Each structure stands twice: as C-alpha cells, then as structure tokens.
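The structure appears right after this line, and notes come after that.
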Amino acid sequence: AIQSKARTMLKTKIRLTAAISRCSSKDSTGKGSPGKRRKSALTFNELSKAKQHAEHHRVLINQLPRSSHSNWGEHHGPWAAVALLVLFSLGWGIVTAALKLDSKGRLCPRETICTTDAVTTALLAVARVTAYTSYPCLMIVFVSKCNNLRTCLTRSPLSIFVPFHDLHWLHTSTGVFVAWAFMIHSIAHIVRWGLTGDIIKYLLHSQSGITGLVAFVI
C-alpha cells in the first residue's frame, strides 16, 4: 500500500512540475498570436488540475508513516547503534584507565590528569566518562551530515534498519548530548584543579587547559 501511494505521489509531482514549467514559459505581456494565447489558457486549465493532484498528494503524505524525533519507537535501530558505540567507547576508557592505576590506586597518566585522593579520583572519573561517551556522538554529529555517504548507505541493506534519508533528528540529539557532556567534563576538570591548587597552572599554562577553555567559552 505504501509503495502504491509513493508511485501516486511521484506521478503527481511530475504532472505539477510539467504544468508549472509550461505556465512559466507563456508570454507575460499577454501579446502574441491567438494560438499562443489559447496555449496559455490550456496551460492554466492544466495547472488547475495539477493543483487538485497536489492536494491529493498532500493528503497521501499525511497518511504515510512519519519519521519524527518524538517517536522513539521508529528510531530503535539508530539508537541501538549509538548505544553500542557509546558502551564500547566507555568500556575502552575504563579498561585503559584501570591498566594505568599505580599500586596505591591512583591514576596519573599525564600531569594534568593526576589524582591525589578519592575526591579528585571521582572527579576524574566523571571527566573521563563524559569524554569517552561523547566520542561516538561527536562522530555521528559530523557523519550524519555527510550527504554523499548517506546516499550510498541508503542503497545498502543497512537502510532497512537505519533511516539514512532522515538523520537530522539524530544529528541534533547527539549534538545536544555532546554539548552537555563537554560542559560537565570541563567543570569536573576545573573543580579538580581547584582542589589541588593548580587551577592557574593547568588552566592557563597547559595545552589541555587552554584549548579546553577556548572551546568552553565558544
């Protein structure tokens, strides 16, 4: 039934486009031979019929299943893929952090992310969790707007599970998540540096602090 409606809408679109094209080519001054004026009159009749088809086209569109970010059930495929990517990235971050713990349970892979007690360790955990969970979402923010790639994927079997023709809702949703994750990530680092008394040193005199501060302000 949906395929039949789609074919009907395509035929309607072709008729409407052809009628408008013929109408736009008529003599705008109203001068010319009687044959030309009669052709214009016929074009207006065709345009009237095309408008009726367009109204039918609009009704058919409203009857088709809609893809909306408010209907989460229709987007279970993309959300499942995002969830798997986020879980993989988070698991990778936890494993790599656990391998870098010293004998006292402290983490200090770099000078800017060293922990000294339970509080700074908890703040660093929040910062790393928000960072690793936002990596896949940040990738999706850009990939979802790669039109050539989306067009190719639309022709693939993956299009059965993922609506590649309509990913703007996924683009905006993951973008909002990345924005909040980045703010929480930045605040966790700033508070941690403040507790250790190194906020000026790391925020204004380190590459991580300067780039993070610029991004946070922008």
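This structure is a prediction, so every number in the text was calculated from the model and none was measured.
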Spacing of OG belonging to Ser134 relative to CG belonging to Leu90, to within rounding of 0.5 Å: 11.0 Å
Partners passing ring-ring contact (aromatic ring centres under 6.0 Å, His included) against Phe182 (at least two apart in sequence or in another chain): none
When you group the ILVMFWY residues by side-chain heavy-atom contacts below 4.5 Å and let the links chain together, are Val82 and Met139 in the same group? yes
Nearest heavy-atom contact between Gly93 and Arg128 is O-NH2, 4.4 Å
Which pairs pass disulfide bond (SG atoms under 2.5 Å apart) with one or both residues in residues 112-152, sequence neighbours excluded? Cys108-Cys114
Using side chain to side chain contact (heavy atoms under 4.5 Å, CB included), reason through Leu149 and Phe164 one step at a time and then give a plain yes or no. CA-CA 9 Å; Leu149 176 61; Phe164 292 108; over 6 Å; no
Using ring-ring contact (aromatic ring centres under 6.0 Å, His included) as the criterion, list what pairs up with Tyr132, not counting sequence neighbours. Tyr135
Keeping to residues at least two apart or across chains, list the ring-ring contact (aromatic ring centres under 6.0 Å, His included) pairs with something in residues 91-127. none
Nearest 0.5 Å, please: how far is CD1 in Ile94 from CG in Leu99? 12.0 Å
Determine which pairs satisfy salt bridge (charged side-chain N to carboxylate O under 4.0 Å, His left out) with at least one residue from residues 142-157, sequence neighbours left out, and list them in order. none
How close do Phe177 and Thr133 get, heavy atom to heavy atom, and via which atoms? CE2-O, 3.7 Å
Quick test of your reading: applying salt bridge (charged side-chain N to carboxylate O under 4.0 Å, His left out), list the pairs with at least one residue in residues 169-183, sequence neighbours left out, ordered by first then second residue. none
Residue pair Arg192 / Thr120: nearest heavy atoms and the distance that separates them: CD-O, 3.4 Å
In the hydrophobic clustering that connects Ile, Leu, Val, Met, Phe, Trp and Tyr at side-chain heavy-atom distances below 4.5 Å, which members other than Ile184 occupy its cluster, ordered by chain and number? Val126
To which residues is Leu123 joined in a hydrophobic cluster, defined by side-chain heavy-atom contacts under 4.5 Å among Ile, Leu, Val, Met, Phe, Trp and Tyr, whether direct or through other members? Val119, Ile187, Val191, Leu195
Looking at residues at least two apart in the chain, or sitting in another chain, which of them share a salt bridge (charged side-chain N to carboxylate O under 4.0 Å, His left out) with Lys201? Glu111
Determine, using the 4.5 Å side-chain heavy-atom cutoff (strictly less than), whether Leu153 and Leu167 are members of one ILVMFWY cluster. yes
Could you tell me which residues satisfy side-chain hydrogen bond (donor to acceptor under 3.5 Å, both in side chains) with Ser144, sequence neighbours excluded, listed by chain and number? His171
For the residue pair Ala127 and His189, what are the closest heavy atoms and their distance? CB-NE2, 3.6 Å
Counterpart residues, side chain to side chain contact (heavy atoms under 4.5 Å, CB included), relative to Leu138 (two or more places apart): Phe142, Val178
Just how far is it from atom OG1 of Thr112 to atom CG of Leu203, taken to the nearest 0.5 Å? 11.5 Å
For Asn148, is the CG atom crowded, meaning more than 12 foreign heavy atoms sit under 6.0 Å from it? no
What heavy-atom pair brings Thr174 and Leu170 nearest, and what distance separates the two atoms? OG1-O, 2.7 Å
Return all side-chain donor-acceptor pairs below 3.5 angstrom for residues 205-218, not counting sequence neighbours, or 'none' if the list is empty.
| residue | atom | partner | partner atom | Å |
| --- | --- | --- | --- | --- |
| His205 | ND1 | Ile200 | O | 3.2 |
| Ser206 | OG | Tyr202 | O | 2.2 |
| Ser206 | OG | Gly209 | N | 3.1 |
| Thr211 | OG1 | Gln207 | O | 2.7 |
| Thr211 | OG1 | Ser208 | O | 3.3 |

